[in-house]
Amino acid sequence: PVSNLQEATIFGWAHLFPKQRLLRRNHRWCPECLKEDKKYDRLMWSLTPVTACTIHGTKLVHACHSCGGHFPPLHARSRPGICPKCDAHLSDVLPLQLRTANTEE
């Protein structure tokens, strides 16, 4: 249990992030993380400066492999690991979507 809620948030790192547009408008995710644990999305994925998974070193995916849809982090039909537009599993990716962070776009 956390006794101080500020320790459970990004508050302590606020000085490292831009004052505007801290959160992304569209959802991004690591398919490898979702394959391992589909129970929740990571808060880190919604932060604008974060472009790659810190665990797997892959770029975060921003479009559904099935419908090509983009959607906000919180959507009326949001379910972790599932596209709210077509119900595809977000852990399934096209080979071009799964790139290491060192790969040029």
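Below, each value reflects all heavy atoms present in this structure, side chains not excepted, and no hydrogens, waters or symmetry copies.
- Taking hydrophobic clusters as Ile, Leu, Val, Met, Phe, Trp and Tyr residues chained together by side-chain heavy-atom distances below 4.5 Å, L34 does not share a cluster with I82.
- Nearest heavy-atom pair, R28 versus L60, reported as atom, atom and distance to 0.1 Å: CB-CB, 3.8 Å.
- Between H56 and C33 the shortest side-chain heavy-atom distance falls below 4.5 Å.
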Decide side chain to side chain contact (heavy atoms under 4.5 Å, CB included) for C67 and C83; before the verdict, give the C-alpha distance in whole Å, the side-chain angles of both, and the deciding distance to 0.1 Å. CA-CA 9 Å; C67 70; C83 175; 3.8 Å; yes
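- Here S46 contributes atom OG and D41 contributes atom CG; the two are 9.0 Å apart, rounded to the nearest 0.5 Å.
- Looking at R24, its side chain does come within 3.5 Å of a backbone N or O of W45 through a donor-acceptor pair.
- For the pair K85 (side chain) and H70 (backbone), a donor-acceptor distance under 3.5 Å is present.
- Side-chain contact between C53 and I55 is present, with heavy atoms from C-beta onward closer than 4.5 Å.
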Do T51 and K59 pass the side chain to side chain contact (heavy atoms under 4.5 Å, CB included) test, and can you show the C-alpha distance, the side-chain angles, and the key distance before you say yes or no? CA-CA 6 Å; T51 59; K59 289 190 178 217; over 6 Å; no
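- Residues passing the side chain to side chain donor-acceptor pair (under 3.5 Å) test with S91 are K38, sequence neighbours excluded.
- Between H27 and F71, the ring planes are tilted. Angles from 30° to 60° get that label.
- Side-chain atoms of V61 and V93, non-hydrogen and from C-beta on, do get closer than 4.5 Å to each other.
- In this structure, C64 and C86 have side chains that are in contact, with non-hydrogen atoms separated by less than 4.5 Å.
- In this structure the side chain of L90 never reaches within 4.5 angstrom of the side chain of P31, judged on heavy atoms.
- Annotation: the span from D37 atom CG to R42 atom CZ amounts to 5.0 Å, rounded to 0.5 Å.
- Residue pairs that meet the salt bridge (Lys or Arg N to Asp or Glu O under 4.0 Å) test with at least one member in residues 66-78, sequence neighbours left out, are R77-D87.
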